[in-house]
Protein chains: 2
Amino acid sequence: MQSLRPTPKDAIIDAAFDVLADAPGSSLAEIAARAGVGRATLHRHFAGREDLIRTLALIAIEEMDAAADAACAGVDSPGEALRRTLEAVIPLGDRHWFLSREPLENDPAIAAEFDRLMRETRELIDAAKDEGVFEQAAPTAWIAQAYDHLVFAAWESVKAGEATHSQAAELAWRTLTIGLGGAGMEKPK
Amino acid sequence: MQSLRPTPKDAIIDAAFDVLADAPGSSLAEIAARAGVGRATLHRHFAGREDLIRTLALIAIEEMDAAADAACAGVDSPGEALRRTLEAVIPLGDRHWFLSREPLENDPAIAAEFDRLMRETRELIDAAKDEGVFEQAAPTAWIAQAYDHLVFAAWESVKAGEATHSQAAELAWRTLTIGLGGAGMEKPK
DNA sequence: GCATGGTGAGACATTGATGTCTCACTTGAG
DNA sequence: CTCAAGTGAGACATCAATGTCTCACCATGC
């Protein structure tokens, strides 16, 4: 019955996501306070700031996986899976964006997870190419790169109040596939 | 004749760009050392780390302006100006990327410059719409958002060795205008 | 030569975050 | 009830970065 009183570790993790999303430079003391937990308890569960951030990053990846899986349940088309994942992942920016300010590239576990994500994305993209969603000649690496950054752009767009969640998702997907070109920019051939 | 021995302030600024591009968390001591300058001298020219970063950010904006202006000299077409600016700005990522890890949004001077850049970009985009480069119905704010992030994506792509500078610029521009869609993704209407 | 301004080197105090430790308290299992 | 585990609060030591100050040195201009 720990649903009534969440385990301290989970409380710390939740508080860390909250506090750091507000102010990426916050101290461990602030995180412990938000969690309603003593600073010592935080150190009982995490070796230090680095360890905590590492844990948050791995959880963030899990959450993205979960959101993508939920959005793609029962979807066969790789292109449609990419489109739904794009839409599903946008709201996670609020919770995860602060991780982009942390130096995570040195951590092997995180790097391995990033590699896995990247690999899976590229497989989906290649499959979507076979569907005709992307042109075969377009480099898969670039499609993946553009996909990631357009997700970020969509999140920022929503945060800035320039678009709703679904509008931003629609615009990002459209940009990726058919572009924003007008009359003067017809697709060649 | 201070071209032989650059003024200490400039040496510090150059060193700061170098050191921080390598390791965004570097201390002022490391920056002063790289500049071949005493730590006290650094404090004689900059009130503190915040002041230094602020200065670097303003210089970075100047450099982007200069690169864009140089690339667009004699260009009349707004669309072409956007395309050339996109290409010209990509290499600056090596020097400027670390600023994306700094909290600059609170500084009024920087915010004002960002606003100016954003405004100019949007004016160019609107003009490009009239040329037919972008569809009139596409929100200008989104085009600007996508433009910025695709520049970043292009820089990362070059850094990762996935594309050359001009290939990345070409891919980013193509993504923005006609998209990456294949046979199954013809432009509607 | 001489004065002056800027500099390098280093000492020093401060500050904020961090990590460790102790002790009293609570809670749940037995 | 009793005990053990986990916790909160706070004291304490450490550490790195920062900001300040002093002093000797060197260049430049006079």
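We name chains A, B, ... by the order of the sequence lines, and we start the count at 1 in each one.
Considering every non-hydrogen atom in both A/Cys72 and A/Ala81, the closest pair reads SG-O, 3.5 Å. The two residues B/Ile90 and B/Leu86 make their nearest non-hydrogen contact at CG1-O, 3.2 Å.
Going from atom CZ of B/Arg49 over to atom C1' of D/dG19 covers 14 Å, rounded to whole Å. What separates CD1 of B/Ile53 from P of D/dA17 is a distance of 14 Å, to the nearest Å. Here the P atom of nucleotide C/dT14 and the CG atom of B/Leu28 are 20 Å apart, to the nearest Å. The distance from atom CD1 of B/Ile12 to atom P of D/dT18 is 14 Å, rounded to the nearest whole Å.
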For this session: Apply the test salt bridge (charged side-chain N to carboxylate O under 4.0 Å, His left out) to residues B/Arg122 and A/Glu162: give CA-CA distance (whole Å), side-chain angles for both, the deciding distance (0.1 Å), then the verdict.
Result: CA-CA 14 Å; B/Arg122 292 186 177 190; A/Glu162 295 165 354; 3.2 Å; yes

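The side chain of A/Pro8 has D/dT7 as its nearest neighbour among D/dA17, C/dT18, D/dT7.
The stretch residues 36-47 of chain B touches DNA chain C through B/Gly36, B/Val37, B/Gly38, B/Arg39, B/Ala40, B/Thr41, B/Arg44, B/His45, each having a heavy atom under 4.0 angstrom from the strand.
Of the possible donor and acceptor atoms, none in the side chain of B/Glu135 sits under 3.5 Å from a partner among the backbone N and O of A/Leu180.
Using a 4.0 Å cut-off between charged nitrogen and carboxylate oxygen, B/Asp94 and B/Lys159 do not count as a salt-bridge pair.
Of the residues near DNA chain C, A/Glu50 and B/Lys9, the one whose nearest nucleotide (by heavy atom distance) lies more toward the 5' end is B/Lys9.
Ring geometry, B/Trp97 versus B/Trp155: the interplanar angle falls under 30°, so the pair is classed parallel (tilted spans 30 to 60°).
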